[in-house]
Amino acid sequence: MPARDLTRRSRIRDVARHPLGRDVIESLALQVGRSPRWVTNPLVGAVRLSTLPRLTGRRIDDAFVDALVALMRTVPDAVAPSGMPLREAWFKEAVVYQIYPRSFQDSNGDGIGDLRGILSRLDYLKALGVDAVWLSPIYDSPMDDMGYDIRDYRAVLAEFGTLDDFDALVAGLHERGMRLIMDLVVNHTSDEHEWFQQALADPDSPYRDYYFFREGEPDAAPNNWTSFFSGSAWRWFEEAGAWALHLFSSKQMDLNWENAALRTEIVEMVRWWRERGVDGFRLDVINYISKTPGLPPGNPLIGRLIGFTGMEHYFHGPRLHEHLKQLRAEAFDDPDCVAIGETPGIGPQMGKLLVGDDRGELDMIFNFEHLENPGRTRFDDYRYDLGYLKRYYTRWQAEYGDGYWMSLFFDNHDNPRFVSKVDPRPEHRVAVAKLLATVQFTLRGTPFLYQGQEVGAANQGFTMLDQLRDVESHNLAAELTASGVAPAEIFARVLAGTRDHTRVPMAWDATGGFTTGVPWIAGDGSHVEVNVALQEGDLDSVLEWHRALIALRRSSRALVYGETITERSSRRVWRYRRRAGAEEFLVALNLSDRVARLRAPGPGWMLERASGPGTGPLAPYEARVWRSSAG
Ligand code: TEU
Ligand code: CA
């Protein structure tokens, strides 16, 4: 049935036929430990939405059902049929490396990484096999959220360098045959941005409508939405007698994309950077840009389930696709300009609506569901079960036919090190890091490495809050303190999830090698043992494993464009093939910390790489890759 005909009387199977409905149902199923196929059970499929509250003992309420129906009605029904032809593109063949500029390389001893520092490390990246660099924000910013709070879209933060340095970096990349992807933060700006300052100073300013201002009283926020960084999503501005919306920190003010002039400003700004030679963009929380008009209150139950209230009104807003189509047509109007959306909360079906080749929106998205086991959040301290990763990727590789392309990543600047989540024991670090790299370089999709991942960098042994710099961590600690949680428990939670694990300086050598001065944030000293210099040339190292797999991927069409064929295997083993024409690879991964039996591949397979013994049963976390001798 068309989405506009969905009501509370609709049945689960109608919901399951709808892209958003199916994503919600499947993720609910995963959360309660059921197979996503559960919804295809005829009995389950026949259940009417209106009876869900009763059936679930009111754990799902009427308002939840209404919110789900309303959301589905805003989403185009049909996901394009599979069978779209495969389109080749440089970014599908590329290995992308994310740089966190503040922590990569300092060139002048002030303890802060900078553009000249990055320039001095380009030969290293080239030798690793990197094709494109994604730079986290380098724009002028008061750095409340480390640059994701932009004060001036057309200036470089002085600490990082100048526009001339930026041009030199672009030239340096291009000379080496590498490309540059910029971070584009357009869901919000800093409160210090000129637009916001003018809007604040003058209610009649044309910039007032660039944001969500609501006049009112200081004790009554306009709605119950909460911020991702704790507390209400509204900040009171006494001088203006008004509230303004901020989904992130209280200095990151949400932009109102309903305003056409704002959209034009953004298009022009993107074009300005493209003229400087930028090859693509990573679009920060881009699925949040369209908010339900009127900003209605969030459903409290949904808020409790996902931890943030109001999200159903903006994670897939009514005009999202329209805005993205405008950006594609006016800002990224070149098929070689890659547009990668960061889209928290988007599932595989909804993802298809964003990245389908027939859609004219984005090229790829970053989702985060694979980073935590169901029912867990980033701030839980637990051992990640890789069996979930296998199920998750098996499903996505199958769901995405030739007309869609996925990103493959484990680490970034917003998450602790994945290697530590899988197994924090130092004796397993190398094997787990190699296993994860194998997944990234042999599945179908574009691998994104985050600085330090290539040496197997692990979480940091921070011991006190004072060592952390991230606004999210400090806000969370304050919130937990206010609600009476004991300090030791607070620190344990913050330590499990803090984004600072990946924001410490890049470990170049045993002395650090990041700065001659005092780094803006200190690591725990693990760089003495885990660093680039130590691993360079050591064929058993995590670094050389990355180099070898990147080279293997580059040499093979099957590993880039080939189909993914998942083979039957025991629960603790993940086994798949990649095939294009006569060329074929077989991958077997031990997902556990114990030896695992392995059905030996047939005589036609030649072992290409093994992170363990390479014959007999798989060692803990061992990864093996074979090539078919027929190919
Ligand atoms: O992140 C968005 C975002 O949703 C994460 O901070 C999220 O809370 C976390 O990843 C959940 O696992 C982007 C940027 O990557 C982040 O650094 C910024 O703080 C944020 O947007 C605001 O710009
Ligand atoms: Ca510096």
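In each ligand, atom 1 is the first atom listed, and ligand 1 is the first ligand listed. Just so it is clear, the model here is predicted, and its values are computed rather than measured.
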*Which one holds for R378 and ligand 1: side chain close, backbone close, both close, or neither close, with close meaning a heavy atom under 4.0 Å?*
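R378 to ligand 1: side-chain contact only, backbone stays beyond 4.0 Å.
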*Any idea which part of F248 is under 4.0 Å from ligand 1, heavy-atom wise: side chain, backbone, both or neither?*
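The part of F248 near ligand 1 is the side chain, not the backbone.
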_To the closest 0.5 Å, what do you measure between OG1 (T189) and CH2 (W195)?_
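The distance works out to 7.0 Å.
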*asked:* Do R102 and W520 form a cation-pi contact, if we require the NZ or CZ to be under 6.0 Å from the six-membered ring centre and within 45 degrees of the ring's axis?
replied: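 R102 over W520 ring: yes.
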*For the ring pair F308 and F228, is the centre-to-centre distance below 6.0 Å?*
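Between F228 and F308, which both carry aromatic rings, the centre distance is below 6.0 Å.
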*Establish, yes or no, whether a centroid distance under 6.0 Å links the rings of F418 and F410.*
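They qualify: ring centres under 6.0 Å apart.
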*What is the total of protein N/O/S atoms that are closer to the Ca ion (ligand 2) than 3.0 Å?*
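Near the Ca ion (ligand 2), the number of protein N, O or S atoms below 3.0 Å is 5.
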Is [X] close enough to touch ligand 1? Criterion: a residue heavy atom under 4.0 Å from a ligand atom.
X: R282; result: yes
X: Q252; result: yes
X: R503; result: yes

*Do E472 and ligand 1 have an N or O pair less than 3.5 Å apart?*
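No: no nitrogen or oxygen of E472 is under 3.5 Å from one in ligand 1.
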_Closest protein heavy atom (residue, atom, distance) for atom 15 (O) of ligand 1_ =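 Scanning the protein heavy atoms, the shortest distance from atom 15 (O) of ligand 1 goes to D414 OD2, 2.4 Å.
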*Residue list, ring-ring contact (aromatic ring centres under 6.0 Å, His included) with W134, at least two apart or on another chain*: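 By the ring-ring contact (aromatic ring centres under 6.0 Å, His included) rule, W134 matches F366.
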*Note: E372-K421 ion pair, threshold 4.0 Å (strictly below)*: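 K421 and E372: salt-bridged.
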